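Report on one structure; see the data block that follows.
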Amino acid sequence: MSVENAEVAAIFSEMADLLEIEGANPFRVRAYRNAAQMVRRKPQRFADLVKENADLEALPTIGEDLAEKIAEIVATGHMSALDDLKREVPSELVDLAALPGLGPKRVKVLYDQLGVRGLKDLRRVVESGEIGTLRGFGPKLTESLAVALRDTPSKAEKRFLLADVEGEADTLADYLREAPGVESVTIAGSFRRRRETVGDLDVLVVAEDGEAVSAHFVAFEKVAKTLWAGTTKVSVVLRSGLQVDLRVVPRESFGAALLYFTGSKAHTIALRNMAVERKWKLNEYGLFSGDDRIAGKSEDEIYGKFGLELIPPELREDRGEIAAARKGTLPNLIHQSDIRGDLHAHTDWSDGTATLEQMAEAAQERGYAYLAITDHSPHLGVVHGLDAERLTKQIVEIDRINKRLDGFTLLKAVEVDILKDGTLDLPDDILERLDIVVASIHSAFDLPRDAQTERMLRAIDHPLVTVIGHPTGRRIGKRGPYAIDMERVIGAAAKAGCCLEINSQPDRLDLDDGTIKAAKDAGVKLVISTDAHGTEMLELIRHGVDQARRGWVEARDVVNTRPLADLWKLLKR
DNA sequence: GCCGTTTTCGGCCCGACTGTTTTCAGTCG
């Protein structure tokens with residue numbers, strides 16, 4: 001039995017959902033939710049921690065009881081407390097509570113008084129009108145449930161790639177700036193924290209007249225549906241399916257509102273708890289001592305009252321950033337301008353669209369000092385991979401082009417496939433002639449975890465491999481990472497001096513933020529690359545930089561922030 | 001169920017909006 005952290009987290013989450021419907025102490029519910037979140041993003045596997053007899057109670061959100069429950073789940077794959085609860089509360093009720101207008105309390109009433117156990121039952125009592133006999137269920141709610149039941153094939157928490165909503169967000173912000181009396185428009189939420197996906201857009205508008213802004217907003221041509229509209233708070237769904245929540249705030253509250261709507265929820269709750277400790281109150285209007293507003297105009301001012309440095313939005317996940325801000329040890333996060341070159345790019349020699357010269361020119365125009373040409377190796381037939389012979393020709397061609405270039409260098413490189421057994425798809429004698437060897441997995445994603453890990457470790461230990469490309473193979477929203485022990489991969493990479501790539505493709509962003517931080521902490525050298533297949537894709541580097549910032553990365557942690565002369569030294573192993 | 005500059009009990013973030021109410025509960029973020 002090998003239990004993944006995600007399974008432990010799912011059990012805790014379900015426990016929280018069912019306890020909530022049962023009407024349990026809300027703080028007990030929250031304890032399970034907090035624990036689920038902590039477990040989900042812990043890089044080490046709890047299965048391993050239990051095996052090593054680690055002190056689970058030392059972890060935040062875990063006390064005596066939950067430590068025992070984790071041990072039970074790791075040992076059996078089940079949590080008996082949940083199994084027991086499921087006998088009393090049908091787990092399908094959780095789906096009901098996800099419907100708009102229904103929460104745990106109303107679901108409980110439906111179950112207790114009308115025996116509603118699932119969507120089918122709900123449809124029955126809505127259609128028969130029986131639901132209207134319950135206290136608290138009036139005609140409006142009945143109607144909105146009827147609509148929800150018609151509309152759903154569960155549009156449940158669809159998330160959008162950050163890169164996919166940027167255009168729409170810009171258009172919307174520009175439109176809102178035209179509303180009467182608007183001083184500023186800022187997109188907060190996970191968008192501002194630069195999360196890889198966003199569930200909705202949180203838009204903050206500074207204006208005196210909320211009503212005018214609200215009216216202007218709901219008239220936006222891309223609004224498909226208005227969910228609710230007040231004078232300071234409006235929520236709509238755009239035609240793309242993206243939900244947008246808008247809040248209008250006065251100027252003197254801007255900092256507090258920005259802090260609140262940027263989140264994350266865990267981060268703002270941690271700050272509010274700090275306020276409570278000081279007998280203050282923090283809300284979206286300001287930081288208050290009694291009735292006195294003691295801060296609120298800017299985020300900087302509020303953090304300052306707590307004795308904290310300003311925490312960059314990318315770090316606001318309650319992963320230790322508050323303690324670091326107190327000690328003055330926040331990282332000096334990397335900027336896009338720190339990047340001196342790109343170490344993963346394709347040309348029309350394999351599956352790219354641009355020539356060597358075009359790619360070189362585009363990179364040079366970006367102000368880069370170097371660009372590594374990493375066309376594919378032969379194993380993947382569909383991409384016209386280069387065999388040793390064609391790669392030799394490309395080396396000659398790159399040498400020829402480099403002679404003409406001034407202050408810029410094309411690096412001779414390859415993206416070589418890591419075969420199923422961990423060997424490489426090209427012989428050593430050709431790899432030796434290259435400046436950089438990026439090794440990646442493009443096949444056999446379904447190997448068992450141990451085999452996949454061994455395969456990767458073998459590539460990392462190959463002395464000619466400089467970088468592991470998109471190390472987990474995930475495609476966000478399409479496929480998860482292959483089963484692999486990233487802790488061992490990180491350890492091996494640190495020991496071997498092999499770099500790990502942060503791939504900037506918006507649907508890869510591989511490594512993810514948590515793994516990036518773990519790699520950085522282990523002393524792994526990182527590379528931020530675009531995997532560009534055309535000149536226009538070199539621009540995607542900003543997404544990789546955003547992801548790196550979420551992983552607490554500084555410029556010095558990233559190899560391709562160095563000038564070429566230093567790059568050589570760093571890549572040597 | 002966790003946690004402690006309020007330490008082993010008694011707290012636990014805060015407010016807007018809606019619908020169904022006649023003073024407020026539930027939901028949502």
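What you see below is based on every heavy atom in this structure, not just the backbone, and it leaves out hydrogens, waters and symmetry mates. Residue numbering restarts at 1 for every chain, and letters A, B, ... go by the order of the sequence lines. A quick note: this is a predicted structure, and the numbers were derived from the prediction, not measured.
- If you check the side chains of A:Arg195 and A:Ser190, you find no donor sitting under 3.5 Å from an acceptor.
- The CD1 atom of A:Ile269 sits 17 Å away from the P atom of B:dC2 (whole-angstrom rounding).
- Nearest nucleotide to the A:Lys105 side chain, out of B:dC13, B:dG26, B:dG15: B:dG26.
- Taking the P atoms as reference points, B:dC2 lies 16 Å from B:dC13, given to the whole Å.
- Nearest-nucleotide positions on DNA chain B place A:Ile62 closer to the 5' end than the other of A:Pro139 and A:Ile62.
- B:dT8 and B:dG4: their P atoms are spaced 12 Å apart (whole Å).
- Nucleotide B:dC2 is matched to B:dG11 when pairs are restricted to Watson-Crick or G-U wobble geometry with both distances under 3.5 angstrom.
- Counting any heavy atom pair closer than 4.0 Å across all strands shown, A:Ser144 reaches no nucleic acid atom.
- For B:dC13, neither phosphate oxygen OP1 nor OP2 lies less than 4.0 angstrom from any side-chain nitrogen or oxygen of A:Arg272.
- Taking only side-chain atoms of A:Glu277, from C-beta outward, the nucleotide of B:dG26, B:dT6, B:dA16 with the closest atom is B:dT6.
- Annotation: B:dG11 and B:dC17 have their C1' atoms spaced 28 Å apart (nearest Å).
- Judged by closest nucleotide on DNA chain B, A:Thr61 is the one of A:Ala275 and A:Thr61 placed further toward the 5' end.
- Distance noted for atom C1' between B:dA16 and B:dC9: 34 Å (whole Å).
- Not a single donor-acceptor pair under 3.5 Å links the side chain of A:Ser289 to the backbone N or O of A:Asp292.
- The CD-P distance, from A:Glu57 to B:dC2, rounds to 8 Å in whole Å.
- In this view, A:Phe137 satisfies the ring pair (Phe, Tyr, Trp, His ring centres under 6.0 Å) rule with no residue, not counting sequence neighbours.
- Residue-to-nucleotide contacts include no donor-acceptor pair under 3.5 Å from the side chain of A:Asn34 to the base of B:dG1.
- Looking at the side chain of A:Leu141, the nearest of the listed nucleotides B:dT20, B:dC13, B:dC17 is B:dT20.
- Here the separation of B:dG26 from B:dT20, taken at their C1' atoms, is 11 Å to the nearest Å.
- Contact annotation for A:Gly263: no contact, since no heavy-atom pair falls under 4.0 Å across all strands.
- Rounded to whole angstrom, the span from the CG atom of A:Asp202 across to the P atom of B:dA16 amounts to 16 Å.
- For the side-chain contact (heavy atoms from CB on, under 4.5 Å) with A:Glu196, the lone residue among A:Asp546, A:Ile476, A:Leu162, A:Asp507 that qualifies is A:Ile476.
- Comparing the P positions of B:dT5 and B:dG1 gives an interatomic distance of 24 Å, to the nearest angstrom.
- The aromatic rings of A:Tyr32 and A:Phe12 sit perpendicular, their planes meeting at an angle over 60°, well past the 30° parallel limit.
- Residue A:Lys281 has its side chain nearest to B:dC14 when only B:dG19, B:dA16, B:dC14 are considered.
- The residue A:Lys69 sits close only to the backbone: its heavy atoms come under 4.0 Å of sugar-phosphate atoms, none of a base.
- Across all strands shown, A:Ala229 has heavy atoms under 4.0 Å from sugar-phosphate atoms exclusively, and none from any base.
- Between the NZ atom of A:Lys265 and the C1' atom of B:dT27 there is a distance of 11 Å, given to the nearest Å.
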Would A:Asp512 and A:Ile516 count as a side chain to side chain contact (heavy atoms under 4.5 Å, CB included) if you check the C-alpha gap in whole Å, the side-chain angles of each, and the deciding distance to 0.1 Å?
CA-CA 6 Å; A:Asp512 68 33; A:Ile516 290 169; 5.8 Å; no
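- When each of B:dA16, B:dG1, B:dG19 is scored by its nearest atom to the side-chain atoms of A:Lys233, the top-ranked nucleotide is B:dA16.
- B:dG26 atom C1' lies 16 Å from atom CG of A:Leu96, rounded to whole Å.
- Within the 4.0 angstrom heavy-atom criterion, base atoms lie near A:Arg30.
- B:dT7 and B:dC14 have their C1' atoms separated by 26 Å, given to the nearest Å.
- Within 4.0 Å of A:Leu282, counting heavy atoms only, lie sugar-phosphate atoms of the nucleic acid but no base atom.
- Closest to the A:Arg106 side chain, of the nucleotides B:dT27, B:dG1, B:dC13, is B:dT27.
- Side-chain atoms of A:Leu66 lie closest to B:dC2 of the nucleotides B:dC12, B:dC2, B:dC14.
- Here the side chain of A:Asn25 is nearest to one of B:dG1, B:dG19, B:dC13, namely B:dG1.
- Residue-level contact check: A:Thr268 touches neither bases nor backbone, having no heavy atom under 4.0 Å from any strand.
- We find that A:Arg239 and A:Glu221 are not joined by a salt bridge, their nearest charged nitrogen and carboxylate oxygen being 4.0 Å or further apart.
- Ionic pairing of A:Glu299 and A:Arg192 is present here: one or more N-O contacts between side-chain nitrogen and carboxylate oxygen are shorter than 4.0 angstrom.
- Rounding to whole angstrom units, CE of residue A:Met274 and P of B:dT6 are separated by 12 Å.
- Residue contacts for A:Pro60: at a heavy-atom cut-off of 4.0 Å it reaches the sugar-phosphate backbone alone, with no base atom in range.
- In the set B:dA16, B:dG1, B:dG29, B:dG1 carries the atom at the smallest distance from any side-chain atom of A:Ala31.
- For the C1' atoms, the distance linking B:dT23 with B:dG29 amounts to 25 Å, nearest Å.
- Within 3.5 Å, no donor on the side chain of A:Tyr260 pairs with an acceptor on the base of B:dG15, nor the reverse.
- Protein atom CG of A:Leu59 is 12 Å distant from nucleotide atom P of B:dC2, rounded to whole Å.
- Atom CZ in A:Arg278 sits roughly 15 Å away from atom P in B:dG4 (whole-Å rounding).
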